[in-house]
Amino acid sequence: MRVAVVVHAASGHGAAARVAPRVVERLSGVVSRVTVVEADTVERSRAGLLRARDAGLDVVVVVGGDGSVHQAVQFCAEHGVALAVVPSGTGNDLGRALGVPARAAEAVEAVVAALGAGARRRVDLGRVAGGAWFASVLCAGFDSAVNERVNRMRWPHGRRRYDLAIVAELAALSQRTLVVDTDGGRLELAATMVAVGNTGFYGGGIPVCPRADPADGVFDLTVVGQMSRWDLVRMLPTLRTGEHVGHPAVRTLRARRVSLGGDNEWVAYADGERLGPLPVVVECVPGALEVVG
């Protein structure tokens with residue numbers, strides 16, 4: 001078995017770089033070849049993986065966070081290579097949804113055991129029409145506006161940047177018309193945000209689509225309708241528990257194909273990565289990705 005270990009050294013404020021030697025050491029005892037791909041840029045990561053594929057490649061093991069995993073998903077889905085995850089970032093949402101241990105040391109042992117046992121399974125992916133794959137959640141509205149603001153900010157660092165961005169976006173909150181077309185019908189409403197979940201989690205463990213199953217062939221959608229600032233402030237804590245789906249302003253849907261548009265200027269994010277302004281069309285592709293474990 002031939003494995004490429006993709007190391008995003010900066011992930012988790014350097015946690016990935018600290019974990020990587022242990023990953024390589026443990027894998028070397030159970031596979032025939034380990035290639036280390038240092039992924040300090042997307043271009044370098046892809047070039048390293050293509051070289052590994054040309055030499056023969058069975059599994060990509062990502063040591064990093066959700067951004068790192070998102071890039072690996074693009075490669076694995078396109079080239080028929082299995083994916084394993086050693087969570088070493090700040091979000092780790094795909095690993096959480098797949099049941100990967102949160103602690104990197106435990107995740108390494110789980111990957112080694114799964115490779116030794118030949119444990120594999122297939123999961124669904126979302127695909128943007130004419131564009132990228134995504135494994136977790138695509139969102140637009142209030143939450144993506146927070147991401148947009150965070151990406152423009154240079155200070156402060158860490159969690160406080162998100163806190164300030166949330167406060168600023170609450171002050172600027174305005175509902176826009178959202179049109180959700182699915183294979184089950186059409187929904188048009190004044191909305192605050194929408195999430196299309198292949199898995200349940202985004203934003204570092206927020207179960208925005210708590211019933212999403214990455215092996216059922218369909219997306220779960222969470223649509224938050226018109227809300228005042230105060231109502232939104234009161235609802236935000238329930239996102240951490242999944243109880244938000246019981247709020248009167250929240251609707252949940254299931255669909256295999258989804259088109260998002262309407263009279264708004266919302267920007268879509270998928271797996272925490274910026275896609276661009278709506279409209280956007282996405283489809284759930286059953287069994288598009290093989291994962292280890």
Side-chain angles (χ1 to χ4, degrees), residues 66 91-99 102 123-124 126 134-147 159 162-163 165-167 169-262 264 266-272 278 280 282 284:
D66 286 320
N92 304 322
D93 286 313
L94 182 60
R96 181 179 288 103
L98 296 177
V123 297
D124 309 335
F134 66 96
S136 297
V137 176
L138 180 148
C139 66
F142 177 79
D143 43 5
S144 63
V146 170
N147 271 329
R159 185 70 240 178
Y162 282 90
D163 293 340
I166 288 171
V167 171
E169 287 304 320
L170 280 170
L173 181 68
S174 63
Q175 278 77 30
R176 300 293 180 89
T177 300
L178 174 69
V179 178
V180 182
D181 276 308
T182 73
D183 35 10
R186 180 183 177 95
L187 177 65
E188 184 171 349
L189 74 165
T192 302
M193 56 179 274
V194 58
V196 180
N198 180 54
T199 64
F201 301 101
Y202 75 169
I206 297 172
V208 65
C209 299
R211 300 185 185 95
D213 179 351
D216 63 1
V218 294
F219 294 125
D220 278 38
L221 280 71
T222 298
V223 183
V224 180
Q226 189 167 6
M227 302 186 82
S228 69
R229 291 183 182 86
W230 176 239
D231 286 339
L232 183 56
V233 167
R234 291 199 300 175
M235 191 200 75
L236 286 176
T238 68
L239 281 168
R240 290 285 177 184
T241 62
E243 295 175 352
H244 61 285
V245 295
H247 192 283
V250 175
R251 304 189 192 192
T252 58
L253 310 169
R254 305 185 83 227
R256 182 166 179 177
R257 187 177 185 277
V258 180
S259 173
L260 301 177
N264 57 55
W266 288 355
V267 172
Y269 276 70
D271 294 348
L278 299 187
V280 65
V282 294
C284 182

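Treat the numbers as computed from the prediction; the structure is a model and nothing was measured.
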Restricting to non-hydrogen atoms, name the atom on [X] and the atom on [Y] that form the minimum distance, rounded to 0.1 Å.
{"X": "A145", "Y": "E169", "value": "CB-OE1, 3.5 Å"}
{"X": "D93", "Y": "G204", "value": "OD2-N, 3.0 Å"}
{"X": "G242", "Y": "P207", "value": "N-CG, 3.6 Å"}
{"X": "Q175", "Y": "A190", "value": "CB-CB, 4.4 Å"}
{"X": "V196", "Y": "L260", "value": "CG2-CD1, 4.1 Å"}
{"X": "D124", "Y": "G217", "value": "OD2-N, 2.6 Å"}

### Query
Restricting to pairs with a member in residues 216-228, which pass side-chain hydrogen bond (donor to acceptor under 3.5 Å, both in side chains), not counting sequence neighbours?
D216-R254, D220-R254, S228-D231
Any side-chain heavy atom of [X] within less than 4.5 Å of one from [Y]?
{"X": "Y269", "Y": "V137", "value": "no"}
{"X": "S136", "Y": "Y202", "value": "no"}
{"X": "T192", "Y": "L173", "value": "yes"}
{"X": "F142", "Y": "L170", "value": "yes"}
{"X": "D66", "Y": "D271", "value": "no"}
{"X": "L138", "Y": "F219", "value": "no"}
{"X": "L187", "Y": "R251", "value": "yes"}
{"X": "V245", "Y": "P210", "value": "yes"}

Donor-acceptor pair, side chain of [X] and main chain of [Y], under 3.5 angstrom:
{"X": "N198", "Y": "A135", "result": "yes"}
{"X": "R96", "Y": "A102", "result": "no"}
{"X": "H244", "Y": "V208", "result": "yes"}

Measuring from atom [atom1] of [X] to atom [atom2] of [Y], what distance do you get when rounded to the nearest 0.5 angstrom?
{"X": "M227", "Y": "R234", "atom1": "CE", "atom2": "CZ", "result": "8.5 Å"}
{"X": "H247", "Y": "L239", "atom1": "NE2", "atom2": "CG", "result": "10.5 Å"}
{"X": "L236", "Y": "I166", "atom1": "CG", "atom2": "CD1", "result": "6.5 Å"}
{"X": "S144", "Y": "L278", "atom1": "OG", "atom2": "CG", "result": "7.5 Å"}

### Message
So for atom CZ, which belongs to R229, do other residues, nucleotides or ligands contribute more than 12 heavy atoms lying within a distance under 6.0 Å?
### Response
yes
### Query
Where do E188 and L178 land on the side chain to side chain contact (heavy atoms under 4.5 Å, CB included) test, with the steps shown first?
CA-CA 6 Å; E188 184 171 349; L178 174 69; over 6 Å; no
### Task
Could you go through the side chain to side chain contact (heavy atoms under 4.5 Å, CB included) check for V194 and W266 one step at a time?
CA-CA 10 Å; V194 58; W266 288 355; 4.3 Å; yes
#### Entry: Sequence neighbours excluded - salt bridge (Lys or Arg N to Asp or Glu O under 4.0 Å) pairs with any residue from residues 172-181
D181-R186
